[in-house]
Every structure is written in C-alpha cells, then in structure tokens.
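Reading through the structure tokens given below for one structure.
All heavy atoms count here, side chains included; hydrogens, waters and symmetry mates do not.
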Amino acid sequence: MKCKYCGAEIGNSIECHLCGHKQIGKTTCPVCSKLIYPYQEYCSNCGSPTIYRKSEPIKKVTPDTSVHSEASHNYHTVSESYDYKKNAYDYKKPFKDLNKYVPIQKNKKTFNHPNVRKNKRIVKIIIGIIVAFNLIIPIAGAIIGIIGDNLETGETTSFDDSGNTDLTSFNLSQDSSRGDYNQNFTNSDGGAFVYQNKLYISLNGQLIKYDAHFENSEVLEESSCDHLYVDDRGYFYLQYGDLIFADHQNNKKTLLNDAYDCYVLDQSIFYIQNDNLYCLTIDDQMNKVANKKIKENVNHFSIDDQNQRILCTNTDYESQLIDFNGTTLKNKMNSYEDGYFIDGFLYYREYDGVYKTDFSNDEGELVQAASDIYRFGVGQDEESEKVIVYGENYDNVLNAYFDDDSYALYDDARDFYIIGEKVIFFTYDDDYTRHYFISSYDGEYAPFEE
C-alpha cells in the first residue's frame, strides 16, 4: 500500500514512516454503503467482503499446537481442535481404489472344455465377491461416519472445533465495565455486554441474551445491532441509524433517527448526525428533555466518562480534546481513531505496541510491546485488576498479553469483543459461516454458538 500523501510504499502501516500522514479514511461498503472501519474485512450490515479483505481465500482453520513449558509459559490453546477424519467427505478416498477393477478381457482363443467353463464361472464368482466386498466396506464406513458425526455434533458441516474446555466453566460472574463499553462502542460489528451475569450479544443478525452458564438463551432482536449498552433500565442499541431502547420486559422505544456512534452515559446520549456531535438528555421514562449541539465537523469521538472529556476527530482526521460543553481543552493532537478510554486513560495503538495516556504530557506510556497488532482491546483481571491486552495481528492470530506472558488464543480470529476479563471472538468456515467462541486470557476457550 502507498501513502495517500507522498506516495511512499508503507505496506500495511497506518502512519507513513516518511511524511507521517495517517492513512485511515472514511470507507463505505460497496454493496450497502454502510460505514467500514479500517481493516474491517466484512461489512457488518450485509456481510460482503470489503476492500480490506485479503486476496487469498479463507483457509480452513487448522490451528498449530503451542508448546507449554515452565520456561516459555506458552500454552496449548487450539491444539487437537479439528478432526476431519470424522468428516463424511473423507470417505470419498476409498472409492478411488475401485478404478483398479477393470473388466477382464477374453483371450482371442477360447476353449469349450467343460472344466474350462467351470473354472471361468468360479473365477467370475470370486471376482464378483471381491468387487462387492470392496464396494460395501467404504460405503458402510461412510454411513457409519456420517451417523457418528451426527450423534457427536448434531450437524454434518465440515467445521468441527469443540474447543479445549467445557462451556459451563465460563461463568459470567463479572459484569462489563465502562472500559468494556468504550471498546464495544468503537466496534461497529455487533457488540457484547455482560449485565447481572447475563450476556447480551449480537450474533448472526440477532441480538441474543444468554444466562450465566450459556444453558438458556432468548432472542431479543431479529436483526443486527451496534454500540450495545445495558444497565438497570434496559438495553440500548443502534440499528440501521436508529437508536432504540428496550426495557428488560422487551418494550421498545426509538430515541433517535439518522444517527451513528451513539454513546450512553447515564441521562446523556452522545451521537453524531450530519457530521455534528450532539448530546441528547433523557429522563427516567426515556422522554427527550434537551438536545444540544456540542461540536461541528466531527467524524468520530471517544468518551472519557471519568474526567468528562471527549476526544473527537474531524472529517480531515485531526483530533481535539474538548469537555462536555464543547470547550477546547487541547488542540492539534495526533489522530487516535482506534483508541478508547479506560479509567481516565486513553489506550491507543502505535507501530510498536499499545500505549496509554492521560494527556498530561505529549508522551504516552507503553503498555504492551507488539509490532504486529492492528486491532486490540484491553480487559482487566477481576481479582488482580491487572490489565489484559488482547491483540489481533495481520495473520488473524488472536493473542492475550498479561504481565510478562503472551498466550496464543486462536489462529484465525476475525474480530472480538471484550467482556470483563474474557474475550468473545468469531471465525469463518469454508462457507463463510461465523462460529463464535469465548476464551479466557490464558487460552482456555469453548464454542457457544455454531
């Protein structure tokens, strides 16, 4: 890829090493015109491949086995994940052996002696038995294999990944934090949120609620939603430009139309409409109290709820720090379009890793060194309150960085959502069907939606 400003070759870098120009631009889906974020390979609205889709075909996931030792702290993560030997398609191979059974050609000279005719009949019977035997065995094997697969998986898909732990071990005991919401807010491809030990998540075009052990689920919305947020009032989500609120009895109300990037903070809802940043104030009954324009010419924003600040980026990709009234606090800043706030710090990505800053000085603090991260998120361990960095590299490998250790979670993750100390990610099979998994930062993972 070449720099849009100076033309230098920059590969997959976002910032040009020669002139410093940021390459991130506003891109839309070529099919449905929905906003596409940088390096988003599939449209979150219609599922079409975007310009960021790699040219090579999606490979079947065949995870490598990491070696776990006391010295390296590498763990088995996705080992023994696939067993294609139990796939019905693998029984096609024995049928190729039938090609060696060609018709027996008669000799030009034949004998009519009775013993010769009798021997020919015996030979034909033996050959018939051999051919029938070779036909029956592979066919029976294939039938048994298909039945066995149906009994084990309940389906005949070629995607077979059962994870390396039991799903019930992922008890949803830690509710999502404001930091998780900031991460979810920046991710337009669905979203996930944990509230009172229940998981709210957008899956396969539906908004679904799961209980703490994933044993029961309820479909709350039939079509996809973005920017999901849940509290004791109910759940908020953005759907096709409309901000919708639904209470916990699933009574719905549309709060905004033609809006995007909707962020809920108590009685205030920040959103963008026609490249302007607004703040909508609502009461306890979800009635509109006031609607104030805060800033013009805004393409994207991030909320620092702890310090009541907003980091906004204009349509020329220039960033500015303002307060909730629109007063400028810091001007002419670097672009942090893929950053988000946690506990008053902005976490953002640079070419050599993930940094954080509170804007008290111009230098950020390196949180995790990793030169190949292009999509990241930050979680927090519930007991130690230590930061967990989840990073996806250019080869779609999802890693977790905790203390001084790194863990390979999955080798073909396509996007992920952070919920407390856990992460939810999905991958595609050969038919471009999504399969969702939940994982802890130490590499234990299990599928919860096929």
Side-chain angles (χ1 to χ4, degrees), residues 1 3-5 13-16 19-30 32-41 43-45 50-52 181-191 226-227 229 238-243 256-265 268-280 291-305 308-341 346-350 357 359 374-377 415:
M1 184 174 70
C3 175
K4 297 178 181 178
Y5 186 78
S13 299
I14 291 178
E15 182 176 353
C16 178
C19 68
H21 180 71
K22 298 286 185 176
Q23 307 302 314
I24 299 176
K26 193 171 183 179
T27 307
T28 57
C29 174
C32 67
S33 300
K34 181 178 176 62
L35 182 65
I36 299 298
Y37 284 82
Y39 305 109
Q40 181 178 332
E41 296 184 353
C43 176
S44 60
N45 183 33
T50 70
I51 62 173
Y52 300 107
Y181 179 43
N182 272 281
Q183 166 68 18
N184 179 46
F185 167 72
T186 63
N187 190 328
S188 66
D189 191 13
D226 299 335
H227 302 119
Y229 175 72
L238 192 63
Q239 182 184 51
Y240 306 125
D242 295 336
L243 179 64
L256 288 169
N257 301 110
D258 299 324
Y260 68 94
D261 281 13
C262 296
Y263 188 97
V264 180
L265 181 60
S268 300
I269 300 175
F270 299 88
Y271 68 98
I272 295 177
Q273 187 178 68
N274 298 324
D275 292 332
N276 295 318
L277 176 61
Y278 292 87
C279 178
L280 173 68
N291 194 16
K292 176 183 178 182
K293 181 191 291 187
I294 299 177
K295 190 74 176 177
E296 295 182 348
N297 189 23
V298 177
N299 179 63
H300 178 76
F301 68 93
S302 299
I303 295 289
D304 178 4
D305 60 286
Q308 295 194 348
R309 302 181 298 184
I310 305 174
L311 179 66
C312 55
T313 303
N314 63 24
T315 54
D316 293 323
Y317 307 104
E318 298 171 340
S319 293
Q320 188 179 59
L321 192 66
I322 63 176
D323 62 18
F324 282 2
N325 294 318
T327 304
T328 301
L329 302 176
K330 196 167 186 179
N331 208 352
K332 296 182 180 180
M333 304 169 60
N334 293 328
S335 177
Y336 300 99
E337 190 167 353
D338 58 347
Y340 56 95
F341 286 96
L346 177 76
Y347 288 79
Y348 62 97
R349 179 182 59 85
E350 292 287 354
T357 181
F359 301 109
Y374 81 93
R375 179 160 44 211
F376 80 100
D415 204 349

Listed by chain and number, what are the ring-ring contact (aromatic ring centres under 6.0 Å, His included) partners of [X], not counting sequence neighbours?
| X | value |
| --- | --- |
| F270 | F324 |
| F341 | none |
| Y340 | F376 |
| Y347 | none |

Fill in: Minimum side-chain heavy-atom gap H227-D261 below 4.5 Å
yes
Worksheet item: What do the steps show when you test T315 against N297 for side chain to side chain donor-acceptor pair (under 3.5 Å), and what is the final call?
Response: CA-CA 6 Å; T315 54; N297 189 23; 2.6 Å; yes
What distance do [X] atom [atom1] and [Y] atom [atom2] have between them, rounded to the nearest 0.5 Å?
| X | Y | atom1 | atom2 | answer |
| --- | --- | --- | --- | --- |
| I322 | T327 | CD1 | OG1 | 8.5 Å |
| D226 | L243 | CG | CG | 11.0 Å |
| Q320 | K330 | CD | NZ | 12.5 Å |

Who pairs with [X] by side-chain hydrogen bond (donor to acceptor under 3.5 Å, both in side chains), at least two apart in sequence or on another chain?
| X | value |
| --- | --- |
| Y263 | R178, N182 |
| N274 | none |
| D242 | N257 |
| E318 | N314 |

Worksheet item: Which word best sums up how the rings of F185 and H300 line up, parallel for under 30°, tilted for 30 to 60°, or perpendicular for over 60°?
Response: parallel
Worksheet item: Sequence neighbours excluded, which residues qualify as side chain to side chain contact (heavy atoms under 4.5 Å, CB included) partners of D258?
Response: Q273
Work out which heavy atom in [X] is nearest to a heavy atom in [Y]; give both atom names and the distance.
| X | Y | value |
| --- | --- | --- |
| L346 | F359 | CD2-CZ, 3.6 Å |
| T186 | G339 | CG2-O, 4.0 Å |
| I294 | C279 | CD1-CB, 3.5 Å |
| S319 | L311 | CB-CD1, 4.2 Å |

Discussion item. For residues 295-305, which residue pairs pass the salt bridge (charged side-chain N to carboxylate O under 4.0 Å, His left out) check, not counting sequence neighbours?
Written reply: K293-E296, D304-R309
Discussion item. Taking V264's backbone N and O only, do any of them form a donor-acceptor pair with Y181's side chain (distance below 3.5 Å, no angle check)?
Written reply: yes
Practice prompt. Using the test salt bridge (charged side-chain N to carboxylate O under 4.0 Å, His left out), find all partners of K292 that sit at least two apart in sequence or belong to another chain.
Written response: none
Discussion item. I'd like to know whether Y271 forms a side-chain contact (heavy atoms from CB on, under 4.5 Å) with N291, so could you lay out the CA-CA distance, the side-chain angles of the two residues, the decisive distance to 0.1 Å, and finally the verdict.
Written reply: CA-CA 10 Å; Y271 68 98; N291 194 16; 2.9 Å; yes
